[in-house]
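One structure is given here, and the rest of the page talks about it.
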Amino acid sequence: MSMWNKSIGIIGTGKFLPDNIVTNKDIEKMVDTSDEWIRERTGIEERCIAPEGLNTSDMAVEAAKAAIADAGLSVDDIDCIIVATMTPDMNIPSTACLVQAKLGADKAAGFDLHIACSGYIYSLITAVSYINSGLFKNVLVIGAEIMSRVLNWKDRSTCILFGDGAGACIVSEVPEGYGMLSMDMGINGGAGMNLTIPASGVAMIPTDARAAEGLTYLHMNGPEVYKFAVRTMGKTVINALDKIHLTVEDLDFFIPHQANKRIIDSAAHRLKLPAEKVFINLPKYGNTTAASIAIALDEALHSGLIKRGDIVAMAGFGAGLSWGSLIAKWY
Ligand code: ACO
């Protein structure tokens, strides 16, 4: 019942979070907001913020090392590195190239995949498809972000929402009958400007003057993105389940993108999933964009919440606007 010919799954995971924690109370001192408002409207209590000198590739490397060890592999076993990020160290070289050099993964190819919060799901689907085609054996997939450096810390509608971190996993063949079963993915570029960093490319080169106007920071139409998210998150899971003739009743566990507790609760409600089947670590980390599902998956696995044979759904949404989901039978 899999969309792919081979049985391909995740054989190891890892994460890295900076140890510098910024609480809602700390943010109260920066902008006109309150701990109570942030908790009530988002569910977020605190987030990890990378200190100066620590970059996206550094966090990606730490998460990758943990995932490689967890899978029982060595760096020489990795033949492709995909880094999902919207906050690369720099435009070129790709973060994957920086990670490859820092890891010493000399046999690996690699590239960055840039679709914001949906990036980890898109990267997993890419990895599975590469392995299915026979091109690669072990693909290292990383979601890593330093959102704190693209936020306007004077804009209370965005700066409260995000955090920094990295999560990684190794995608490989698994015993027959386990692994990835189905996926769904899509974009709606027509609504894309609801979530943008205007001066971040060649259409509007980031200059000091534009930075002073706030154009080099994330701009978001929160209510529009919210409506899109609650409509999309449950729907993409149902689309993926439909393709393999499963229903929500077959799901043992759901790992949603961690953007806002109200969005997660609404998706769970639409899917009629009880709270104990839905993983939430948003209060500790905020929205870590492409790293969010990767970190959540690592924590869910290492706290024993996912067991072999469980049917697990993962779903993300974000800038683009974009969305994606995966259904797996856990190995
Ligand atoms: N503290 C206090 N008040 C605030 C804050 C704040 N931090 N932020 C906004 N407000 C105020 C607004 O100014 C507004 O006041 P007004 O009524 O006097 O004008 C009021 O609160 C309500 O504002 P809304 O924007 O309508 O608040 P909402 O309930 O929609 O919550 C939020 C805002 C949390 C941003 C919500 O819209 C949301 O979560 N949106 C989706 C965000 C998301 O998931 N983004 C994904 C991005 S991922 C990626 O790809 C990068």
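Atoms within a ligand are numbered from 1 in the order they appear, just like the ligands themselves.
Less than 4.0 angstrom separates atom 16 (P) of ligand 1 from none of the non-hydrogen atoms of the protein. Protein heavy atoms all stay at least 4.0 Å away from atom 19 (O) of ligand 1. Within the 4.0 Å cut-off (strictly below), a protein heavy atom is located near atom 9 (C) of ligand 1. Within 4.0 Å of atom 48 (S) of ligand 1, at least one protein heavy atom is present. When distances from atom 40 (N) of ligand 1 to the protein are checked, a heavy atom turns up under 4.0 Å.
Neither the backbone nor the side chain of Val31 comes within 4.0 Å of ligand 1, counting heavy atoms alone. Within the 4.0 Å heavy-atom criterion, the part of Ile263 lying near ligand 1 is the side chain and not the backbone. Residue-level proximity to ligand 1 for Ala116 is carried by the side chain, the only part with a heavy atom below 4.0 angstrom. The side chain of Asn287, and not its backbone, has at least one atom closer than 4.0 Å to an atom of ligand 1 (non-hydrogen atoms only; side chain from C-beta on). When non-hydrogen atoms are compared, ligand 1 lies under 4.0 Å from the backbone of Ala319 as well as from its side chain. Residue contacts with ligand 1, taken as heavy atom pairs separated by less than 4.0 Å, involve Trp37 solely via side-chain atoms from C-beta onward. Only the side chain of Asn260 comes within 4.0 Å of ligand 1, judged by heavy-atom distances.
Under the 6.0 Å distance and 45° angle rule, Lys329 counts as a cation-pi partner of Tyr178.
Distance alone, capped at 3.5 Å, places no donor-acceptor pair between the Asn24 side chain and the Ser34 backbone. Within the 3.5 Å criterion, the main-chain N or O of Val230 finds no donor-acceptor partner in the side chain of Ser266. Asp164 places a side-chain N or O within 3.5 Å of a backbone atom of Ser148 that can act as its donor or acceptor partner. Judged by distance alone, the side chain of Asn260 and the main-chain N or O of Arg41 form a donor-acceptor pair under 3.5 Å. Side chain of His219 to backbone of Thr158: no donor-acceptor contact under 3.5 angstrom is found. With hydrogens and angles ignored, the 3.5 Å screen pairs no side-chain donor or acceptor of Asn152 with any backbone N or O of Gly214.
Taking every heavy atom of Thr42 and a limit of under 4.0 angstrom, the matching atoms of ligand 1 come to 34 (C). Close approach of ligand 1 to Ile160 is summarised as follows: ligand atoms under 4.0 Å from at least one heavy atom of the residue are 7 (N). Of all atoms in ligand 1, numbered sequentially from 1 with element shown, those under 4.0 Å from a heavy atom of Ala259 are 44 (O). Close approach to Arg41 involves these atoms of ligand 1, each under 4.0 Å from a residue heavy atom: 28 (P), 29 (O). Residue Leu195 approaches ligand 1 through these ligand atoms, each under 4.0 Å from one of its heavy atoms: 47 (C), 49 (C), 50 (O). Ligand-side atoms of ligand 1 in range of Cys117: 48 (S), 49 (C), 50 (O), 51 (C), range being under 4.0 angstrom from any heavy atom. Counting the atoms of ligand 1 from 1 in the order shown, those under 4.0 Å from a heavy atom of Arg262 are 28 (P), 29 (O), 31 (O). Heavy-atom contacts of Phe317 reach the following atoms of ligand 1: 44 (O) (cutoff under 4.0 Å).
Regarding atom 43 (C) of ligand 1, its nearest protein heavy-atom neighbour is Val225 CG1, 3.7 Å. Counting only heavy atoms of the protein, atom 12 (C) of ligand 1 lies nearest to Arg156 NH2, 3.8 Å. Protein heavy atom nearest atom 1 (N) of ligand 1, with residue, atom name and distance: Thr33 OG1, 2.6 Å. Nearest protein heavy-atom neighbour of atom 45 (N) of ligand 1: Met220 SD, 3.4 Å.
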Given salt bridge (Lys or Arg N to Asp or Glu O under 4.0 Å), test Glu299 with Lys15 step by step and report yes or no. CA-CA 8 Å; Glu299 294 193 343; Lys15 67 170 180 181; 2.7 Å; yes
Output, in order, the C-alpha distance, side-chain angles, deciding distance and verdict of salt bridge (Lys or Arg N to Asp or Glu O under 4.0 Å) for Arg262 and Asp265. CA-CA 5 Å; Arg262 289 189 294 142; Asp265 288 346; over 6 Å; no
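The ring-ring contact (aromatic ring centres under 6.0 Å, His included) search around Phe228 returns none, not counting sequence neighbours.
When the heavy atoms of Ser292, Gly222, Pro223, Ala229 are ranked by distance to atom 24 (P) of ligand 1, first place goes to Pro223.
Counting only heavy atoms from C-beta outward, the side chains of Pro256 and Met233 approach each other to under 4.5 Å.
Nearest heavy atom pair, residue Met314 against residue Trp330, reads CE-CZ3, 4.3 Å. Here the closest heavy-atom approach between residue Leu181 and residue Leu246 is recorded as CD1-CD1, 4.5 Å. Pro198 and Leu215 make their closest contact through CD-O, 3.2 Å (heavy atoms, listed as atom of the first residue, atom of the second, distance).
Pairs of residues two or more places apart, or lying in two chains, that qualify as ring-ring contact (aromatic ring centres under 6.0 Å, His included) and include a residue from residues 286-320 are His257-Phe317.
Note on ligand 1: Ile38 sits outside its first shell, no heavy atom being nearer than 4.0 Å.
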